[in-house]
Engineer: 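One structure, as structure tokens, below. Some questions next.
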Amino acid sequence: RNLEIYSQFKNEVEISKVQRDELSLENKRISDDVCGLKKENERLSEELKGVREKTKQTEENWAKKYSDFEIYNQNLIKEKEHSIELREKELLEKLKRLEIENNSFRDKILEEEADKMSNERE
């Protein structure tokens, strides 16, 4: 009977050793997986930092381009306004000259008509 109990105990000890070894292997595999995941997480974190930096640089570049574009547009508007002002001045001066010429021409015609009338009276 003792032999039977001893044999059963020995079998249970062997089973426990096998289970412990299996659990140890499973624990090692899980530890390796966790270590691998930590390394992957670090790699992805570094990659994310790079992406964030690149995004920041891109945003800064676009902000600069937009600012430059706004400055260009404002300068262009000022140039056009100045050009229009100059053109208005030129046209006003031309209008004044034409009015003077017109008045002069009218005066000449009136003078000629007055001379005609004067000649007809004589």
Engineer: Do the side chains of Leu44 and Glu47 get nearer than 4.5 Å, heavy atoms only?
Structural biologist: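 Yes. Closest side-chain heavy atoms under 4.5 Å.
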
Engineer: Check whether any side-chain heavy atom of Lys56 lies under 4.5 Å from a side-chain heavy atom of Glu60, and answer yes or no.
Structural biologist: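 Side chain of Lys56 against side chain of Glu60, heavy atoms only: contact under 4.5 Å found.
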
Engineer: Which value, rounded to the nearest 0.5 Å, describes the distance between Glu59 atom CD and Gln57 atom CD?
Structural biologist: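 Rounded to the nearest 0.5 Å, the CD-CD separation comes out at 11.0 Å.
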
Engineer: Once rounded to the nearest 0.5 Å, what's the spacing between atom NZ of Lys78 and atom CG of Leu76?
Structural biologist: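 So the NZ of Lys78 and the CG of Leu76 are separated by 11.5 Å.
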
Engineer: Roughly how far, to the nearest 0.5 Å, is the NZ atom of Lys96 from the CD1 atom of Ile100?
Structural biologist: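 One finds 8.5 Å between CD1 of Ile100 and NZ of Lys96.
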
Engineer: Is the shortest side-chain N to carboxylate O distance from Glu42 to Lys39 below 4.0 Å?
Structural biologist: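 Looking at Lys39 together with Glu42, the answer is no, because their closest N to O distance does not fall below 4.0 Å.
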
Engineer: With rounding to the nearest 0.5 Å, note down the distance linking NZ in Lys108 to CG in Leu110.
Structural biologist: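 It is 12.5 Å, given to the nearest 0.5 Å.
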
Engineer: Side chains of Arg87 and Glu90: does their closest heavy-atom pair fall under 4.5 Å?
Structural biologist: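 Arg87 reaches Glu90 side chain to side chain.
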
Engineer: If you round to the nearest 0.5 Å, how far is CD of Glu113 from CD of Glu120?
Structural biologist: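 One finds 10.5 Å between CD of Glu120 and CD of Glu113.
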
Engineer: Are the side chain of Ser45 and the backbone of Asn41 linked by a donor-acceptor contact shorter than 3.5 Å?
Structural biologist: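 The answer is yes, because a donor-acceptor pair under 3.5 Å joins these two groups.
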
Engineer: Does the side chain of Asn73 reach to within under 4.5 Å of the side chain of Phe69, using non-hydrogen atoms?
Structural biologist: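 In contact.
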
Engineer: How many angstroms lie between CG in Asp33 and NZ in Lys28, if you round to the nearest 0.5 Å?
Structural biologist: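 Nearest 0.5 Å value for the CG-NZ distance: 10.5 Å.
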
Engineer: Distance-only criterion, 3.5 Å: show the donor-acceptor pairs between side-chain atoms of residues 4-26 and protein atoms not counting sequence neighbours.
Structural biologist:
from: Ser16; atom 1: OG; to: Glu12; atom 2: O; distance (Å): 3.0
from: Glu26; atom 1: OE1; to: Arg29; atom 2: NE; distance (Å): 3.4
from: Glu26; atom 1: OE2; to: Arg29; atom 2: NH2; distance (Å): 2.6

Engineer: Taking Lys54's backbone N and O only, do any of them form a donor-acceptor pair with Thr58's side chain (distance below 3.5 Å, no angle check)?
Structural biologist: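 A pair under 3.5 Å: yes.
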
Engineer: Show your reasoning for whether side chain to side chain contact (heavy atoms under 4.5 Å, CB included) applies to Leu86 and His82.
Structural biologist: CA-CA 6 Å; Leu86 289 177; His82 183 66; 3.5 Å; yes

Engineer: For Glu46 and Arg43, run salt bridge (charged side-chain N to carboxylate O under 4.0 Å, His left out): C-alpha distance rounded to whole Å, both residues' side-chain angles, the deciding distance at 0.1 Å, then the answer.
Structural biologist: CA-CA 5 Å; Glu46 286 301 312; Arg43 186 189 68 76; over 6 Å; no

